[in-house]
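Just the heavy atoms: all of them, side chains too, but no hydrogens, waters or symmetry mates, feed the values below.
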Amino acid sequence: MNRREFLLAAAGAAALPALSFSGRLFAAPANSPRFLFVFLRGGYDCNNFLVPYSSDFYYESRPTLAIAKPGANHPDAVIPLDANWGLNPVVRDAIYPLWQKKQIAFIPFAGTDDLSRSHFETQDNIERGEPLNTSGNFRSGFLARLSSQLTGVPAIAFTNSLPLSFQGASKDIPNISLKGNTKANFDERQSAILAGMYKNTPLASAAADGLSLRTTVSMDLQNEMTAASRGAPNASGFAQETQRIATLMRDQYRLGFVDVGGWDTHVNQGNVTGGLANNLRNLSDGLAAYAAALGKDWDNTVVVVVSEFGRTFRENGDRGTDHGHGTVHWVLGGKVNGGRIAGEQVAVTQQNLLQNRDYHVLNNYRDIYSGLLARVWGLKGNQLQAIFPQAKPRDLQLV
């Protein structure tokens, strides 16, 4: 058995007792806090999740991607949360009820100071949790340092391999692979039908070349999405695994990490239908199922949802969006001080964009989560500095 990984059997495995690597049973007190960090790999388009529907600039910038303003006669309109912000209607049945219960808060203009707009650099930067002005330790993650500061808080990663977030801990962290077969299959039959339509016409050669180019470009983009996801299962897979995650977090573990891939939407992103909408629906359904499966322990749970960056405010020529900067983080749980848009904000206008393309980061994740961890576990100054060096803890009173 691999020292850093153990496998669950297909049926009923989530209910098995968890073993430490020395073979002893371990468990935290039933009423102790639970913290799950959900990483959306690929940079999700927060602007079509938490929609700035009061901004005329949003509608000017997204002629095909914008979601309709709230209105009684439009079934696919934004769900208004306040006078400025609303939700994509695909999460109406899963996330909106948590908002109504004040069990979820959103933090726009959030993220890291990293301006590389590189999936890999920014993901690593967030998982390390170290300031940009240091050389850093690429074998030390902020969740590992958090785990080292806590006693009686068993940790686990729901990933194929131990993520950087959990590397470098003073104790062994197990990981469980949730990865299924996410290989994409392109439909050659449709290409053959289209090519056949132009057979024996002057456009036959151009059509064949165009279809070949489209296939090549599609494969290149698919390869980029796969790489950006770093092997994380897509949102559909995540939704199927939340019962297992909930069982383990309820019974044995208190600090967890899971990543969800498939958010790099350069082409045909969609708004209330399409790839992004499907991902948001599956992710939200999974989080709602997680909350339900925890039962009364939901009151002792905090879930944080982040992505390495947001996306360009304007849609591109392929009806998608490109790599951006600031994004929207989610904080949810039974005792979360939710039903609000938290953190520093500015009006969503062209003048307020960063480099005339995307959101600024006004709420640095290291500062925000330092303040959150202080509330969840009562951590103090030196402990918080060990987790997030040089951070300036900001208490947004999220719990």
Is [Y] close to [X] at the side-chain level, that is, under 4.5 Å between some pair of heavy atoms?
| X | Y | result |
| --- | --- | --- |
| Asn364 | Phe388 | no |
| Trp330 | Leu50 | no |
| Asn271 | Arg319 | no |
| Phe158 | Asn175 | no |
| Leu372 | Val399 | yes |
| Gln383 | Trp377 | no |
| Leu115 | Phe309 | no |
| Glu241 | Val258 | no |

Review point. When Asp297 is tested against each of Arg254, Arg34, Lys335 for salt bridge (Lys or Arg N to Asp or Glu O under 4.0 Å), which residue passes?
Key: Arg34
Do you know the tightest heavy-atom contact between [X] and [Y]?
| X | Y | value |
| --- | --- | --- |
| Ala157 | Pro163 | CB-CD, 3.5 Å |
| Ala246 | Ala293 | CB-CB, 3.5 Å |
| Glu308 | Gly42 | OE2-N, 2.9 Å |
| Pro174 | Ala155 | CD-O, 3.2 Å |
| Ser284 | Leu280 | OG-O, 2.7 Å |
| Ser147 | Ile173 | OG-CD1, 3.9 Å |

Would you say [Y] ends up clustered with [X] if hydrophobic residues are merged whenever their side chains have heavy atoms under 4.5 Å apart, either directly or through other cluster members?
| X | Y | answer |
| --- | --- | --- |
| Leu283 | Leu276 | yes |
| Tyr58 | Val272 | yes |
| Ile341 | Val361 | no |
| Leu162 | Val153 | yes |
| Tyr53 | Ile67 | yes |

Checking the side chain of [X] only, and the main-chain atoms of [Y] only, is there a donor and an acceptor separated by less than 3.5 Å?
| X | Y | value |
| --- | --- | --- |
| Gln269 | Leu65 | no |
| Arg366 | Gly129 | yes |
| Gln385 | Ala391 | yes |
| Asp322 | Asn316 | no |

Review point. Is the count of non-hydrogen atoms from other residues, nucleotides or ligands lying under 6.0 Å from Asp82 atom CG greater than 12?
Key: yes
Study note, to complete from the structure: Checking Asp259, Val260, Asp264 against Arg41 for side chain to side chain contact (heavy atoms under 4.5 Å, CB included), the one that qualifies is Asp259
Point to revise | ring pair (Phe, Tyr, Trp, His ring centres under 6.0 Å) partners of Tyr365, counting only residues at least two apart | key: none
Review point. Sequence neighbours excluded, which residues qualify as ring pair (Phe, Tyr, Trp, His ring centres under 6.0 Å) partners of Trp85?
Key: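 Partners of Trp85 under the ring pair (Phe, Tyr, Trp, His ring centres under 6.0 Å) test: none.
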Review point. What residues, two or more places apart in sequence or in another chain, satisfy side-chain hydrogen bond (donor to acceptor under 3.5 Å, both in side chains) together with Tyr290?
Key: none
Exercise for review: Could you go through the side-chain contact (heavy atoms from CB on, under 4.5 Å) check for Leu132 and Asp114 one step at a time?
Suggested key: CA-CA 7 Å; Leu132 287 180; Asp114 188 333; 4.3 Å; yes
Check your understanding: Do the side-chain N and O atoms of Asn356 and Arg314 include a donor-acceptor pair separated by under 3.5 angstrom?
Key ->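 On atom types as modelled, these side chains qualify, holding a pair under 3.5 Å.
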Practice item. Verify the distance criterion only: is there a donor paired with an acceptor across the side chains of Asn363 and Arg394 at less than 3.5 Å? Key: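 Asn363 vs Arg394: donor-acceptor pair found between side chains.
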Practice item. Could you name each residue pair satisfying salt bridge (Lys or Arg N to Asp or Glu O under 4.0 Å) that touches residues 46-65, not counting sequence neighbours? Key: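 Of all non-adjacent pairs touching residues 46-65, those that pass salt bridge (Lys or Arg N to Asp or Glu O under 4.0 Å) are Asp45-Arg62, Asp56-Lys69.
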Point to revise | Qualifying salt bridge (Lys or Arg N to Asp or Glu O under 4.0 Å) pairs with a residue from residues 371-387, counting only residues at least two apart or across chains | key: Arg375-Asp395
Check: residues 89-109 side-chain donor-acceptor pairs under 3.5 Å, at least two apart:
{"unit_1": "Gln103", "atom_1": "OE1", "unit_2": "Trp298", "atom_2": "NE1", "d": "2.9"}

**Study point:** Mutual orientation of the aromatic rings belonging to Phe37 and Phe39 [parallel < 30°, tilted 30-60°, perpendicular > 60°]
**Key:** perpendicular
